Amino acid sequence: DTGVSQDPRHKITKRGQNVTFRCDPISEHNRLYWYRQTLGQGPEFLTYFQNEAQLEKSRLLSDRFSAERPKGSFSTLEIQRTEQGDSAMYLCASSYSGGADTGELFFGEGSRLTVL
Amino acid sequence: AQSVTQLGSHVSVSEGALVLLRCNYSSSVPPYLFWYVQYPNQGLQLLLKYTTGATLVKGINGFEAEFKKSETSFHLTKPSAHMSDAAEYFCAVSESNAGNMLTFGGGTRLMVKP
């Protein structure tokens, strides 16, 4: 399978703990995005990378959140000192920017976080 | 800044009936417009997209959408609903020069009655 993969698919944690999610994009894609989706809502943009550079961060990304893409391939999203309000589905997407760029994002199946 | 409004968080149709899901957008530059579908426990899947050119775009599973600049709309239609169309549908916009950051609407859950 050469799609976007995310791990873990589901994480249950206690309030105050740290969690980390991993995303492996489609191999030839140079852009990687993180979105958050809460129940009954559309996905909300968190941040995106072009190669290893983090180019944009949403105001939703508080200082408890950090994202990295150290080698321009996979990415991690860490949430420190989790709060119940962090409970959501965290979606990763990737795309290719270049001559044939049509703006389409390819999404993974998401990592669902439940904070007790 | 860009935004998307999807009118109707829930739409119910009978099998075989017309499907119409509404989407209005705002964008300060020529937009790229998308419809994604999300089935339970699955990732978002692209149905169709408008970037430039023909304003009536056809997608997978018999869906199509028309870009109407004067109405700032990009409504999704399908002539005849099938039970397998039951899912959540999201309209999204990106500004064509903005690095593919999509802004999504709140979604419309489509229910299909037998």
Side-chain angles (χ1 to χ4, degrees), chain A residues 1-7 9-10 23-26 29-51 53-61 88-112, chain B residues 1-10 21-25 27 29-54 57 59-60 67 74 87-109:
Chain A
D1 185 9
T2 57
V4 178
S5 63
Q6 294 187 243
D7 183 70
R9 292 291 310 281
H10 199 164
C23 172
D24 287 89
I26 294 171
H29 285 181
N30 56 353
R31 286 183 174 164
L32 186 148
Y33 306 78
W34 287 99
Y35 282 78
R36 182 173 70 185
Q37 185 179 21
T38 52
L39 201 61
Q41 302 296 319
E44 298 171 294
F45 170 77
L46 292 178
T47 188
Y48 98 95
F49 294 83
Q50 177 144 330
N51 300 313
Q54 189 172 18
L55 296 186
E56 189 80 22
K57 290 196 294 186
S58 163
R59 287 171 295 176
L60 293 175
L61 213 66
M89 179 76 85
Y90 290 86
L91 301 172
C92 179
S94 68
S95 72
Y96 174 74
S97 69
D101 182 9
T102 60
E104 179 181 355
L105 268 59
F106 295 80
F107 283 85
E109 294 183 334
S111 293
R112 181 172 296 284
Chain B
Q2 53 197 8
S3 66
V4 176
T5 302
Q6 291 184 240
L7 291 176
S9 59
H10 291 80
L21 304 182
R22 299 179 185 274
C23 172
N24 288 88
Y25 70 91
S27 176
V29 299
Y32 287 3
L33 294 158
F34 304 81
W35 276 99
Y36 281 84
V37 60
Q38 188 175 36
Y39 298 102
N41 300 316
Q42 294 188 26
L44 289 151
Q45 178 184 0
L46 183 70
L47 269 181
L48 49 78
K49 61 180 181 280
Y50 168 80
T51 54
T52 59
V57 292
I60 61 172
F67 169 57
F74 191 58
E88 186 95 25
Y89 292 81
F90 294 95
C91 182
V93 63
S94 75
E95 295 181 348
S96 53
N97 60 353
N100 298 8
M101 288 179 290
L102 297 184
T103 298
F104 285 86
T108 297
R109 180 165 298 280

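Reckoned from all heavy atoms, side chains included, excluding hydrogens, waters and symmetry mates. The shown structure was predicted, so the numbers you read here are calculated from the model rather than taken from an experiment. So that the names make sense, note that chain A is the first sequence line, chain B the second, and so on, each numbered from 1.
- Between chain A and the residues B/Ser9, B/Gly106, B/Ala92, B/Gly105, the most heavy-atom pairs under 4.5 angstrom are made by B/Gly106.
- Considering all non-hydrogen atoms of both residues, A/Gly42 and B/Phe90 come closest at CA-CE2, 3.4 Å.
- Contact annotation for B/Glu88: neither backbone nor side-chain heavy atoms come within less than 4.5 Å of a heavy atom of chain A.
- One finds the OH atom of B/Tyr36 at 5.0 Å from the CG atom of A/Leu105 (value rounded to the nearest 0.5 Å).
- With a 6.0 Å radius and a threshold of 12 heavy atoms from other residues, nucleotides or ligands, A/Leu39 has its CG atom at or below the threshold.
- The line from CG of B/Leu48 to CD of A/Glu104 is 10.5 Å long, rounded to the nearest 0.5 Å.
- Closest non-hydrogen pair, B/Met101 versus A/Tyr35, comes out as C-OH, 3.8 Å.
- Looking at A/Arg112, there are no atoms closer than 4.5 Å to chain B (heavy atoms on both sides), in backbone or side chain.
- Using a 4.5 Å cut-off between heavy atoms, A/Glu44 makes no contact with chain B at all.
- Proximity of the aromatic rings of B/Phe104 and A/Phe45 is defined here by a centroid distance below 6.0 angstrom, and this criterion is not met.
- Here the CG-CD distance, from B/Leu44 to A/Gln37, works out to 6.0 Å after rounding to the nearest 0.5 Å.
- Between A/Phe107 and B/Gln42, the closest side-chain pair of non-hydrogen atoms is not below 4.5 Å.
- When side chains are defined from C-beta on, A/Phe106 does not count as touching B/Gln45, because their heavy atoms never get closer than 4.5 Å.
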